[in-house]
Amino acid sequence: MVFILSKHKQVFYFPFKSPQNGYLELMQGAWSDLGFDIADVRNIWRLKSMRSHSGSIVVLNWFEENVARKSENSLLAWPLFVLKFRMLKLFGLKIICVRHNRRPVDEVSKQHIKVFNKAVKYLEDQSDAVIMHSEIEAHKLGVNYVPHPMYPIVDAKNKTSEKQQHYLVFGKIKRYKQVDKLLTVWPLNTPLLLAGEVEDESYAGELKALCDSRGLDVQFDFQRVSDDKLNRYFESSKTVVIPYVDSCCIASGALIHALSAGLPIVTLKSYFSLSLKNTGLNIYFFEDKETLLKTLNSMSDLQVEKQDPDLLSELLGKLAVKKSLQKVLNQLNVDIHQNGNKTC
């Protein structure tokens with residue numbers, strides 16, 4: 001058999017784009033900085049692309065969820081997944097699996113969970129490398145740690161003159177995030193802003209009623225918050241509060257977003273938050289009403305400042321991500337400098 005090697009080494013991404021999540025674009029930018037061309041993994045299945053891609057890479061994100069979801073409606077989903085995976089190997093591609101979730105985020109059937117777990121095991125066993133964005137968890141499982149990239153924070157166009165006036169909870173407001181539990185212990189006369197699209201109107205009503213009954217100083221912006229508005233909220237916030245540990249997700253996008261804005265964070269302990277706290281970042285933990293009050297008071301007494309930008313850059317900046325990816329490439333014996341037309 002004769003394969004024509006592609007001229008440039010590529011990283012084929014799944015999924016290629018996600019309109020509401022800048023993570024993919026940031027990671028693709030890191031691969032591009034390493035000298036790779038970025039392409040949609042679906043391009044491989046075009047007839048003209050079904051050739052050797054020796055030295056190129058496939059990066060699979062949330063692929064186990066994709067397989068599990070398709071399996072609910074088709075008995076062919078699993079065998080097609082295995083067939084395509086083996087064909088990627090046949091084409092000479094190195095496959096990197098990025099583990100984002102421990103289990104499905106939404107409520108799903110037992111069959112869905114079964115296929116999800118089966119796909120996770122297959123991907124971890126058969127992929128050339130596995131990446132996680134939680135350092136403690138990656139080391140615990142013996143896989144590669146790559147920092148979660150920071151989100152770009154652009155100064156708001158219309159800066160407010162009132163700086164650091166409130167605490168901020170942002171992102172989609174869902175029941176599992178326990179915002180209601182936070183409000184039951186939130187101190188009086190402590191300004192709080194809840195900003196984000198709410199899960200349902202009934203939950204929004206419950207949160208507002210709870211604030212009214214306790215006489216809390218809480219503002220609501222229960223809608224999808226634009227990047228520009230979120231940046232203004234960051235500018236007027238003392239601290240970001242993340243009142244939940246997402247047991248499904250390995251890394252917290254909300255936590256990374258808050259760090260990217262340079263703000264101190266109050267949250268619950270998790271492998272992810274603890275690993276970042278241990279690096280010296282301004283992250284503070286609480287467990288209940290007593291520890292929440294103690295944490296907020298101590299932060300006020302210490303006049304906690306924003307995150308150290310140099311430390312953030314060292315831990316989560318573009319160079320840190322690039323160096324970590326280079327280590328993965330070294331393990332896979334991929335040399336990005338060896339491009340050109342060859343036959344074998």
| message | Using every non-hydrogen atom in the two residues, find where Gln10 and Ser56 come nearest and quote the distance to one decimal. | response |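 So the two residues come closest at N-OG, 2.9 Å.
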| request: Please step through side-chain contact (heavy atoms from CB on, under 4.5 Å) for the pair Val245 and Lys269, ending with a clear verdict. | output: CA-CA 7 Å; Val245 172; Lys269 284 185 181 179; over 6 Å; no
| said: Would a single hydrophobic cluster contain both Leu332 and Phe36, if residues Ile, Leu, Val, Met, Phe, Trp and Tyr are joined by side-chain heavy-atom contacts under 4.5 Å? | reply: yes
| field | Gln178, CD: over 12 other non-hydrogen atoms inside 6.0 angstrom | value | yes
| query | Would you say the side chain of Tyr145 lies within less than 4.5 Å of the side chain of Pro147, judging by non-hydrogen atoms? | reply |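 Side-chain contact under 4.5 Å: yes.
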| Flag side-chain contact, heavy atom, 4.5 Å: Val41 against Phe16 |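 With C-beta onward as the side chain, the pair stays apart.
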| query | Under 30°, 30 to 60°, or over 60°: which ring-plane class applies to Phe222 and Phe220, parallel, tilted or perpendicular? | reply | tilted
| field | Pairwise distance NZ(Lys238) to NE2(His166) - rounded to 0.5 angstrom | value | 10.0 Å
| message | For the aromatic rings, using the six-membered ring if either is Trp, is the centroid distance between Phe272 and His148 under 6.0 Å? | response |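 Ring-ring flag for Phe272/His148: false, centres at least 6.0 Å apart.
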| query | Which atoms form the tightest heavy-atom contact between Ile136 and Ser275, and what is the distance? | reply |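 Scanning both residues, the minimum pair turns out to be CG1-CB, 3.5 Å.
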| message | Side chains of Leu26 and Tyr151, heavy atoms from C-beta outward: is any pair under 4.5 Å? | response |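 Leu26 reaches Tyr151 side chain to side chain.
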| task | Over 60° means perpendicular and under 30° means parallel, so classify the ring planes of His133 and Tyr23, tilted if in between. | result | perpendicular
| message | Any heavy-atom pair between the side chains of Trp186 and Leu210 that's under 4.5 Å? | response |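 They are not in side-chain contact.
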| query | Are there more than 12 heavy atoms of other residues, nucleotides or ligands under 6.0 Å from atom NZ of Lys277? | reply |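 Buried by this count: over 12 neighbours within 6.0 Å.
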| request: Keeping the roles fixed (side chain from Thr291, backbone from Phe285), state whether a donor-acceptor pair exists under 3.5 Å. | output: no
| query | What class does the angle between the rings of Tyr244 and Tyr176 fall in, given that below 30° is parallel, 30 to 60° is tilted and above 60° is perpendicular? | reply |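 Aromatic pair Tyr244/Tyr176 classed perpendicular.
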| In this structure, which one of Phe63, Phe81, Trp45 forms a ring pair (Phe, Tyr, Trp, His ring centres under 6.0 Å) with Phe14? |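 So the option named by the test is Phe63.
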| task | Show the numbers, then the answer: is there a side chain to side chain donor-acceptor pair (under 3.5 Å) between Ser313 and Asp310? | result | CA-CA 5 Å; Ser313 179; Asp310 292 334; over 6 Å; no
| request: Please report the C-alpha distance between Phe286 and Leu296 in whole Å, then the side-chain angles of each, then the deciding distance to 0.1 Å, and finally whether the side-chain contact (heavy atoms from CB on, under 4.5 Å) criterion is met. | output: CA-CA 9 Å; Phe286 76 97; Leu296 296 180; over 6 Å; no
| query | Looking at Leu192, Leu183, Asp217, which one forms a side-chain contact (heavy atoms from CB on, under 4.5 Å) with Cys211? | reply | Leu183
| task | Please say whether more than 12 non-hydrogen atoms of neighbouring residues, nucleotides or ligands are located less than 6.0 Å from CG in Leu75. | result | no
| Electrostatic pair Arg232-Asp228, nearest N-O below 4.0 angstrom |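 Yes, Arg232 and Asp228 are salt-bridged.
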| message | Hydrophobic clustering (ILVMFWY, side-chain heavy atoms < 4.5 Å, transitive) - are Leu182 and Val198 grouped together? | response | yes
| query | Is Val146 reachable from Ile38 through a run of hydrophobic residues whose side-chain heavy atoms are each under 4.5 Å from the next? | reply |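 Yes, Ile38 connects to Val146 through the hydrophobic network.
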| task | Say whether Glu235 and Asn231, considering side chains only, have a donor N or O and an acceptor N or O under 3.5 Å apart. | result | no
| Hey, does Lys306 have a side-chain heavy atom less than 4.5 Å from the side chain of Leu263? | yes
| Going only through I, L, V, M, F, W and Y residues with side-chain contacts under 4.5 Å, is there a path from Tyr13 to Val328? | yes
| Hey, is Asp40 close enough to Lys17 for a salt bridge, meaning N to O under 4.0 Å? |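 No, this pair does not count.
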| Is any side-chain heavy atom of Leu292 less than 4.5 Å from a side-chain heavy atom of Val266? | yes
| message | For Gln331 and Asn144, which I'm curious about, is there any donor-acceptor pair between the side chains at under 3.5 Å? | response |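 On atom types as modelled, these side chains qualify, holding a pair under 3.5 Å.
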| request: Would you confirm whether Ser236, through its side chain, and Gln165, through its main-chain N or O, come within 3.5 Å as a donor-acceptor pair? | output: no
| task | Say whether, by atom type as modelled, one donor and one acceptor occur between the side chain of Arg224 and the main chain of Gly196 under 3.5 angstrom. | result |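 No.
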| field | Same apolar cluster: Leu315 and Val240, side chain cutoff 4.5 Å | value | yes
| Yes or no on side chain to side chain donor-acceptor pair (under 3.5 Å) for Thr184 and Arg214, after CA distance, side-chain angles and deciding distance? | CA-CA 8 Å; Thr184 61; Arg214 295 197 60 223; over 6 Å; no
| said: I need the minimum non-hydrogen distance between Ser71 and Val115, along with the two atoms involved. | reply: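 Looking at all heavy atoms of both residues, the closest pair is OG-CG1, 3.5 Å.
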| task | Find out whether Arg175 and Asp200 are in side-chain contact, i.e. whether some heavy atom of one side chain is under 4.5 Å from a heavy atom of the other. | result |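 In short, these two side chains touch, coming nearer than 4.5 Å.
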| Lys294 backbone acceptor or donor facing Ser298 side chain under 3.5 Å |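 Side chain of Ser298 to backbone of Lys294, a donor-acceptor pair under 3.5 Å: yes, one is there.
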| said: Check Arg99 with Glu137, please: is the shortest side-chain N to carboxylate O separation under 4.0 Å? | reply: no
| field | Side chain to side chain, Gln326 and Leu34, heavy atoms closer than 4.5 Å | value | yes
| query | Going through the distances and angles, do Leu325 and Asp33 end up as a side-chain contact (heavy atoms from CB on, under 4.5 Å)? | reply | CA-CA 11 Å; Leu325 291 177; Asp33 288 344; over 6 Å; no
| request: Start with the C-alpha gap between Ser237 and Leu193, add the side-chain angles, then the distance that decides, and say whether side-chain contact (heavy atoms from CB on, under 4.5 Å) holds. | output: CA-CA 9 Å; Ser237 298; Leu193 170 62; 5.6 Å; no
| So does Asn189 have more than 12 non-hydrogen atoms from other groups sitting under 6.0 Å from CG? |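 Atom CG in Asn189 is not crowded, with 12 or fewer foreign heavy atoms closer than 6.0 Å.
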| query | Within a reach of under 6.0 Å around NZ of Lys289, are more than 12 heavy atoms found that belong to other residues, nucleotides or ligands? | reply |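 Check fails, neighbour count at 12 or below.
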